[in-house]
Structures are given as C-alpha cells and as structure tokens.
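See structure below.
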Amino acid sequence: MSILVYIEQDQGKIKNSSLEAVSYASALSERSGGKVSVLGLGTIAEEDWELLGQAGAEAIYHVADERLNSGVIQAHAHMIALVYQQVNASTLVLAKSALGDAVAARLAVKLNAGLVSNVVGLPELSDGFVVKRSIFTGKAFVDTAITTENRILAIKKNTQPIKTDGTAVTVEKLTLELPESVFAAKITGKEKASGEVLLPEADIVVSGGRGLNGPENWGMIEDLADSLHAARGCSKPVSDLGWRPHHEHVGQTGVKVAPSLYIAIAISGAIQHLAGVNASRHIVVINKDPEAPFFKAADYGIVGDAFEIVPKLTEAIKALKQ
C-alpha cells in the first residue's frame with residue numbers, strides 16, 4: 001500500500017500538523033507496508049525539507065509553482081490527484097484543517113475514495129480497513145470501515161507524535177501542467193493577525209475569561225503569554241463585550257485550537273468553549289470557583305484568585321529562564 005502525504009505550509013514554513021500527518025503515515029506504513037511519499041506545493045523553505053525525512057518520509061516531491069502559494073483549493077486538489085496517480089498510491093494522508101477539509105472533499109470525488117476525517121488512531125487491519133475518528137466535537141469516537149480501493153485520512157491534530165529519527169531524503173522537483181481552469185477561483189487578499197503568536201498554529205495558548213472583570217486587567221494575561229511565547233485567547237463573552245478582539249475568541253463558534261498546553265484563566269468552562277479546546281494535549285485551569293465545570297476537563301487545576309496566582313506564575317517562569 002503506497003501512501004501519499006499532502007503537506008501544508010504557511011509563508012514557506014511547513015506546519016507541525018503536516019509533520020504529524022507524515023509521522024502517522026510512517027506508522028501506518030510500518031503496520032501495512034508500502035512507501036511513504038510526500039508532496040509539497042508552492043514555495044517552501046529549504047531548511048524545512050529535512051524535517052519531512054526525520055518525520056518518516058521516504059520520497060519527497062515538490063511542485064514549486066508560486067501560484068500554489070495562495071492555497072487555491074481547486075489547484076491543490078488537481079495537483080495532488082496527478083501525483084497520487086503518478087506514485088500509484090492507494091492512501092492519501094493529510095492534516096485536518098480548513099484547507100485540508102476542502103481539498104480532501106474534492107479529492108474524494110476525483111479519486112473515488114472513501115474519506116474519513118478527524119482520525120485519532122491507526123487503522124485496524126485484521127478485518128478490512130477500520131479507522132477510529134472523533135465525533136460530536138471530541139465527546140465520542142466511532143470506528144469507520146473504508147471499503148473503497150482508494151482511501152483519504154484527515155488526521156486530527158495532536159493524534160500522532162512527530163517522529164524525529166527518520167533519514168534525510170532528496171527532494172525531487174516536479175514540473176506538471178497546471179491548467180488555468182483550476183485557478184478560476186482567485187484569492188484576492190488575506191487579512192491575518194500579525195505581531196503575535198497566532199492561535200491556529202500555537203503550541204501554547206493562554207486564555208482569559210469574564211472573571212477577569214474588565215479589559216484593564218488583561219496585562220497579566222499578556223505577560224504570562226509572552227513569558228511562554230504563547231498565543232492569547234479569550235472566551236466568547238469577553239469578545240462579545242469588546243474587551244478583546246474577536247480573532248482571539250476560542251470556542252465552538254470561534255477559533256478551535258489544539259495546542260500542547262492550554263491555560264484557561266477565570267473561564268468557567270461552558271460546553272461551547274470546551275468544544276473548541278478539547279483537542280489540547282494538556283489543559284490547566286485557574287479559577288476561584290472549585291465547582292467550575294472546566295475542572296472536569298482539566299489535567300491540572302488551581303483553585304484560587306487569578307489576580308494572585310497568575311503574576312506569581314509569570315514571575316516563576318521568568319526566573320526559570322534566567
């Protein structure tokens with residue numbers, strides 16, 4: 001079973017979620033056999049190619065056409081389908097993301113492939129091809145059988161540790177035809193928050209809630225986030241009140257995050273907020289209410305006044321870095 005992995009990049013840097021997808025494919029290959037090939041599209045930093053070999057790639061293909069930098073869905077799907085067929089793959093692995101979801105849906109039709117999203121484990125191969133995925137915003141799991149010859153797996157973030165013991169692989173440049181028809185839809189501009197760690201890519205997120213009593217108290221959240229080189233987030237009531245910008249709203253109707261560490265400060269833990277953070281690897285909750293629902297989802301909890309705890313925590317982190 002040959003496996004192709006679709007790599008996403010942001011401003012030339014390969015996303016960690018894509019490295020997780022390569023590591024997942026490598027683990028799948030060890031279980032089922034088959035070569036792991038990787039496809040990168042657009043401009044990618046030279047130093048990042050080495051990461052793919054370390055993560056388990058055995059062959060790396062690159063289409064450097066700058067028109068692919070903008071992430072036009074139809075163009076990416078067209079190119080992936082061409083390379084998928086060229087390497088005689090039977091399985092496509094990619095990270096679950098906004099772009100990945102749209103590309104995977106189109107490829108499922110192009111390749112006549114069974115598609116499973118939110119994959120959280122390696123497939124069971126003893127009786128066909130059965131893969132576990134999360135449903136209901138991570139509250140339950142279901143085993144799904146794929147019976148088609150071609151398969152597409154969209155891997156949920158933090159499912160697979162990134163492998164680092166692979167070997168270096170030479171990048172093969174591909175020159176493939178990209179018809180103008182696949183660029184019929186054009187991205188005319190992007191608005192992106194800058195000057196800070198962005199929520200979707202952050203490894204650590206520090207969020208504050210309405211319990212902080214007002215925007216004038218947000219300095220301690222910013223100080224803690226800066227000490228950890230973390231992204232800043234907030235609950236929906238905070239953004240609705242205008243205390244923080246809406247792009248910091250974390251939750252079911254805001255930004256869904258899956259960092260290695262999520263620190264929730266003065267947030268009660270409403271189900272809508274939990275739905276946006278439950279993919280986090282570790283959750284730390286700081287709240288003065290011992291009955292706050294968030295404690296049930298936390299790996300670690302501190303019951304106490306955030307105005308006393310957070311500054312001390314920040315100072316302790318800064319002292320460790322000296």
Side-chain angles (χ1 to χ4, degrees), residues 1 3-10 14-32 34 36-39 51-58 89-105 107-108 113-126 128-146 151-166 199-205 231 250 252 255-262 274-283 297-299:
M1 176 176 61
I3 305 169
L4 179 66
V5 185
Y6 163 58
I7 297 302
E8 288 187 54
Q9 50 96 357
D10 182 39
I14 295 172
K15 292 185 177 181
N16 279 343
S17 56
S18 288
L19 295 176
E20 291 177 10
V22 176
S23 300
Y24 179 96
S26 178
L28 174 58
S29 175
E30 290 177 4
R31 179 174 292 190
S32 62
V36 177
S37 301
V38 167
L39 174 62
L51 299 175
L52 297 173
Q54 293 173 355
E58 298 172 85
S90 58
T91 303
L92 175 69
V93 175
L94 70 166
K96 176 174 170 51
S97 67
L99 177 58
D101 287 347
V103 167
L107 285 168
L115 165 61
V116 178
S117 188
N118 269 325
V119 173
V120 296
L122 291 168
E124 174 58 53
L125 304 176
S126 59
F129 194 101
V130 180
V131 65
K132 179 180 285 188
R133 63 187 180 97
S134 68
I135 57 174
F136 302 131
T137 63
K139 297 181 182 64
F141 301 94
V142 63
D143 291 331
T144 302
I146 305 178
R151 297 172 286 265
I152 300 176
L153 306 178
I155 312 303
K156 188 174 182 179
K157 190 175 179 182
N158 284 337
T159 293
Q160 185 74 29
I162 297 176
K163 182 178 176 180
T164 59
D165 60 353
L199 278 171
E201 288 86 34
D203 192 52
I204 303 174
V205 176
V250 174
Q252 188 172 28
V255 180
K256 295 180 177 65
V257 298
S260 295
L261 174 62
Y262 185 80
L274 290 173
V277 308
N278 58 15
S280 304
R281 190 164 292 162
H282 301 291
I283 296 176
D299 296 287

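Excluded from the calculations below are hydrogen atoms, water molecules and symmetry mates; all remaining heavy atoms, backbone and side chain alike, are included. Bear in mind the structure is a predicted one, so any value in this text is a computation, not a measurement.
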Any side-chain heavy-atom pair from Ile14 and Leu52 closer than 4.5 angstrom? yes
For Ala102, side-chain contact (heavy atoms from CB on, under 4.5 Å) partners two or more places apart: Ile73, Arg106
Please round to the nearest 0.5 Å and tell me the distance separating atom CZ of Arg151 and atom OG1 of Thr91. 4.0 Å
Pairing residues for Asp203 by the side chain to side chain donor-acceptor pair (under 3.5 Å) criterion, not counting sequence neighbours: Ser260
Can you name the side-chain contact (heavy atoms from CB on, under 4.5 Å) partners of Ala231, sequence neighbours left out? Val197, Leu199, Ala202, Val205
Hydrogens and angles aside, do Glu8 and Ser97 bring a side-chain donor and acceptor to less than 3.5 Å of each other? yes
Shortest non-hydrogen pair, Pro161 vs Ser23, comes out as O-CB, 3.4 Å
Which atom pair, heavy atoms only, marks the closest approach of Ala108 to Ile152? N-CD1, 3.5 Å
Say you draw a straight line from CD1 of Ile3 to CG of Leu92; how long is it, rounded to the nearest 0.5 Å? 10.5 Å
Distance col, row Ser280:OG vs Ile204:CD1, nearest 0.5 angstrom, shows 11.5 Å
Contacts of Leu51 meeting side-chain contact (heavy atoms from CB on, under 4.5 Å) (sequence neighbours excluded), chain-then-number -> Leu19, Asp48, Gln54
Apply salt bridge (charged side-chain N to carboxylate O under 4.0 Å, His left out) to Lys157 and list each qualifying residue two or more places apart in sequence or on a separate chain. none
First locate atom CG of Leu107, then atom OH of Tyr6, and finally report the distance between them rounded to the nearest 0.5 Å. 9.0 Å
Which atom pairs, one a donor and one an acceptor, fall under 3.5 Å between side chains of residues 129-136 and the rest of the protein, sequence neighbours left out?
unit_1	atom_1	unit_2	atom_2	d
Arg133	NE	Thr144	OG1	3.0
Ser134	OG	Lys156	NZ	3.3

What I'd like to find out is whether the side chain of Ile146 reaches to under 4.5 Å of the side chain of Leu153, using heavy atoms alone. yes
Quick check: closest heavy atoms across Ala104 and Leu94, and the distance to 0.1 Å? CB-CD1, 4.2 Å
Qualifying residues under side-chain contact (heavy atoms from CB on, under 4.5 Å), relative to Ala21, sequence neighbours excluded: Val5, Val93
So which atom in Leu274 and which in Ala297 form the shortest heavy-atom distance, rounded to 0.1 Å? CD2-CB, 3.8 Å
Look at the side chain of Asp10 and the backbone N and O of Lys15, then say whether any donor-acceptor pair between them is shorter than 3.5 Å. no
So which heavy atom on Ser17 is nearest to which on Ala95, and how close? O-CB, 3.6 Å
Rounded to the nearest 0.5 angstrom, the CD1-OG distance for Ile162 and Ser26 is 13.0 Å
Going by the rule salt bridge (charged side-chain N to carboxylate O under 4.0 Å, His left out), which residues pair with Glu58 if we only count those two or more places apart in sequence or in a different chain? none
Side chain to side chain donor-acceptor pair (under 3.5 Å) filter on Asn16, not counting sequence neighbours, yields none
Please output the side-chain donor-acceptor pairs of residues 113-125 that fall under 3.5 Å, not counting sequence neighbours, one pair per line with the distance.
unit_1	atom_1	unit_2	atom_2	d
Glu124	OE2	Ser126	N	3.1
Glu124	OE2	Ser126	OG	2.7

Arg31: what forms a side chain to side chain donor-acceptor pair (under 3.5 Å) with it, not counting sequence neighbours? none
For Thr159 and Glu20, what are the C-alpha separation, side-chain angles and deciding distance, and is it a side-chain contact (heavy atoms from CB on, under 4.5 Å)? CA-CA 8 Å; Thr159 293; Glu20 291 177 10; 5.7 Å; no
Partner residues of Tyr262 under the side chain to side chain donor-acceptor pair (under 3.5 Å) criterion, sequence neighbours left out: Ser207, His273
